[in-house]
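Data block below; observations after.
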Number of protein chains: 2
Amino acid sequence: MRKGEETRTRILDVAEAAVLQKGFGGTSIEELIAETGITKSGFFYHFRDKNELAKALLNRYIENDERIYDEIFSRARDLVDDPLQSFLLGLKLLSELLSDLPNGHPGCLVATVCYYERLFDREIQETNRNAVLAWRRRFGRMLRDIMEVYPPREPVNIDQLADMVSSVLEGGIVLSKTLKEPNTLAEQVLMLRTFVKMLFLPAAEMPRA
Amino acid sequence: MRKGEETRTRILDVAEAAVLQKGFGGTSIEELIAETGITKSGFFYHFRDKNELAKALLNRYIENDERIYDEIFSRARDLVDDPLQSFLLGLKLLSELLSDLPNGHPGCLVATVCYYERLFDREIQETNRNAVLAWRRRFGRMLRDIMEVYPPREPVNIDQLADMVSSVLEGGIVLSKTLKEPNTLAEQVLMLRTFVKMLFLPAAEMPRA
DNA sequence: TCCCCTCCTGTACCGGCGGTACAGTTTTGA
DNA sequence: TCAAAACTGTACCGCCGGTACAGGAGGGGA
């Protein structure tokens with residue numbers, strides 16, 4: 001009962017790394033069982049088929065992703081009271097976390113699934129959609145708190161601004177991976193931070209350099 | 001000789017649509033030949049293997065992409081002289097072009113290849129890398145022209161700012177596709193436009209509302 | 001102690017797919 | 001008209017996803 005979970009986790013670990021490098025179609029079950037040291041029957045004992053594996057993989061990825069954001073932004077809230085300063089600190093912490101990844105960001109499963117839509121069932125696509133909507137709600141909540149204190153310099157739609165955070169993260173990952181420049185992603189997050197800062201911080205409180 | 005090119009193009013058209021929906025691994029050669037009405041031998045007459053197909057697909061996609069940016073931003077330069085206003089107009093035109101796509105953006109092959117890195121040879125990865133670097137140079141050139149006239153409100157690295165354009169486009173595509181909200185991508189481009197505008201336009205020339 | 005449930009292994013098999021080989025046929029442009 | 005270009009047809013290989021099913025190790029509870 002404990003043992004089963006452990007094997008399952010090991011399969012998911014190996015599968016996640018492989019899928020992020022080669023996509024779902026490029027990852028064979030045979031290579032997964034070779035690397036985990038399990039038999040084919042063993043694999044199918046844990047996952048009915050590849051779709052089931054994808055589902056488990058995506059759910060685990062999203063949960064972990066949410067946990068990381070929870071930690072970062074709740075830590076930022078603990079350190080400073082002001083909603084704007086707290087959000088800016090959160091982005092700073094996020095960028096530091098990303099630039100500390102030894103081999104750069106491995107890739108986002110949400111993006112992988114997005115580029116594989118037709119291969120999976122509706123449930124997976126719905127899960128993926130909800131993950132992005134959760135990001136929108138999360139960042140939207142924080143931005144609305146900021147808006148109550150700081151009037152934006154330009155009129156902006158909060159949901160669209162919240163989506164901008166997700167966009168820059170997803171796009172930054174693609175750029176970082178493609179360029180093989182691990183730091184690009186962290187830099188993009190800091191650039192977004194500059195945007196948010198400029199949008200909400202009154203000119204008087206904004207020193208040059 | 002003319003006929004050959006035509007068939008080749010038809011294969012590439014079908015393949016591009018399929019790959020953007022299901023990824024390379026999820027697209028079978030058999031389905032491509034079924035849809036183009038060609039035989040398997042016919043297919044392999046045009047492309048030695050799947051890697052060769054991917055190479056042709058990516059090169060064609062990048063060329064087309066560059067052509068579109070050339071058109072949009074040269075048209076923007078024709079319409080207004082000021083480098084900042086011209087760039088802002090270009091982003092507006094781009095966002096309009098994107099929101100006019102009937103079924104939303106079909107996806108970016110550069111991102112697809114990026115999430116498939118280990119499946120292709122070095123040449124394809126290098127092509128992909130160069131495509132992103134070309135974007136950086138393109139937007140960087142325009143931003144440098146702006147910088148010569150308008151001092152930025154905040155100190156920013158031009159290459160990183162140029163990358164921000166690519167990030168928002170790539171990320172916006174992922175969001176748009178995942179959410180099945182075709183308009184999200186165009187909105188993200190406009191949000192980026194707001195950022196650029198705020199960064200370079202002097203406060204005096206920036207009316208509220 | 002026995003038994004049952006979880007967690008696997010082993011073996012055999014199927015059909016689809018990427019890819020090869022190669023001979024033959026039609027189409028087309030100079 | 002003739003050669004090259006652009007295919008078709010057929011046969012075959014090995015890998016992979018997936019199915020089916022029998023059986024076994026090991027631990028925990030009655």
Side-chain angles (χ1 to χ4, degrees), chain A residues 1-58 60 109 112-113 115-121 123-124, chain B residues 1-58 60 112-113 116-121 123-124:
Chain A
M1 331 192 164
R2 196 78 240 141
K3 182 84 179 307
E5 277 304 305
E6 197 188 296
T7 306
R8 207 184 129 95
T9 302
R10 222 168 61 244
I11 296 174
L12 287 174
D13 287 341
V14 172
E16 183 169 317
V19 165
L20 287 174
Q21 285 188 345
K22 296 174 292 188
F24 282 99
T27 302
S28 74
I29 293 178
E30 315 241 341
E31 91 182 70
L32 297 182
I33 67 180
E35 202 162 335
T36 47
I38 209 178
T39 60
K40 208 173 189 179
S41 318
F43 175 88
F44 284 107
Y45 170 78
H46 287 287
F47 304 99
R48 203 186 313 125
D49 50 30
K50 235 185 173 183
N51 196 77
E52 194 89 351
L53 173 68
K55 212 179 287 181
L57 223 46
L58 183 61
R60 195 180 74 144
L109 267 186
T112 306
V113 169
Y115 275 106
Y116 264 97
E117 42 168 333
R118 296 262 174 232
L119 233 60
F120 301 118
D121 57 27
E123 191 188 337
I124 288 199
Chain B
M1 332 205 164
R2 197 77 238 144
K3 182 83 180 310
E5 277 303 305
E6 196 188 297
T7 306
R8 207 182 129 96
T9 302
R10 221 168 62 243
I11 296 175
L12 287 174
D13 287 341
V14 172
E16 184 170 317
V19 165
L20 287 174
Q21 285 188 345
K22 296 173 291 188
F24 282 99
T27 301
S28 74
I29 292 178
E30 315 241 342
E31 92 184 68
L32 297 182
I33 66 179
E35 202 162 335
T36 47
I38 208 177
T39 61
K40 209 174 189 179
S41 318
F43 175 89
F44 283 107
Y45 171 79
H46 288 285
F47 305 99
R48 202 188 312 125
D49 50 30
K50 233 184 176 184
N51 195 76
E52 194 89 352
L53 172 69
K55 212 178 287 181
L57 222 47
L58 182 61
R60 196 181 75 144
T112 306
V113 168
Y116 263 96
E117 42 168 333
R118 295 263 174 231
L119 233 60
F120 300 119
D121 56 27
E123 191 187 335
I124 286 199

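Note on naming: letters A, B, ... go to the chains in the order of the sequence lines (proteins, then strands), and numbering restarts at 1 for each one.
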Extract from the structure each pairing of a protein N or O with an N or O of nucleotides 24-26 of chain C at less than 3.5 Å, listing the distance.
none

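Between the CD1 atom of B/I11 and the C1' atom of D/dA6 there is a distance of 11 Å, given to the nearest Å. In this structure, A/Y45 atom OH and C/dT6 atom P are separated by 6 Å, rounded to whole Å. Regarding A/E6, its CD atom lies at a distance of 18 Å from the P atom of C/dT6, rounded to whole Å. Between A/R8 atom CZ and C/dC7 atom P the separation is 11 Å, expressed in whole Å. Distance NE2 (A/H46) to C1' (D/dG18): 17 Å, rounded to an integer number of Å. Between A/I38 atom CD1 and C/dC7 atom C1' there is a gap of 9 Å when expressed in whole angstrom units.
For the pair B/A56 and B/R8, the tightest heavy-atom approach, listed with the atom from each and the gap, is CB-NH2, 3.6 Å. Contact between A/T39 and A/I33 at its shortest, heavy atoms only, is O-CG2, 4.0 Å. Taking every heavy atom of both residues into account, B/F47 and B/L12 meet most closely at CZ-CD2, 3.9 Å. Of all heavy-atom pairs between B/A54 and B/I124, the closest is CB-CD1, 3.8 Å. Between A/L109 and A/L57 the shortest heavy-atom distance is CD1-O, 3.7 Å. Closest of all the heavy-atom pairs between B/R10 and B/T36 is NH2-O, 3.0 Å.
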Test A/E16 against A/V19 for side-chain contact (heavy atoms from CB on, under 4.5 Å), laying out the working first.
CA-CA 5 Å; A/E16 183 169 317; A/V19 165; 6.0 Å; no
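A sub-4.0 Å separation between OP1 or OP2 of D/dA6 and a side-chain N or O of B/T7 is absent.
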Determine, for nucleotides 10-23 of chain C in 5'-to-3' order, which nucleotides have protein heavy atoms under 4.0 Å from the base (write B), from only the sugar-phosphate (write S), or from neither (write -).
BB-----SBBB---
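In summary, B/R60 and B/D13 engage in a salt bridge, as defined by a charged side-chain N under 4.0 Å from a carboxylate O.
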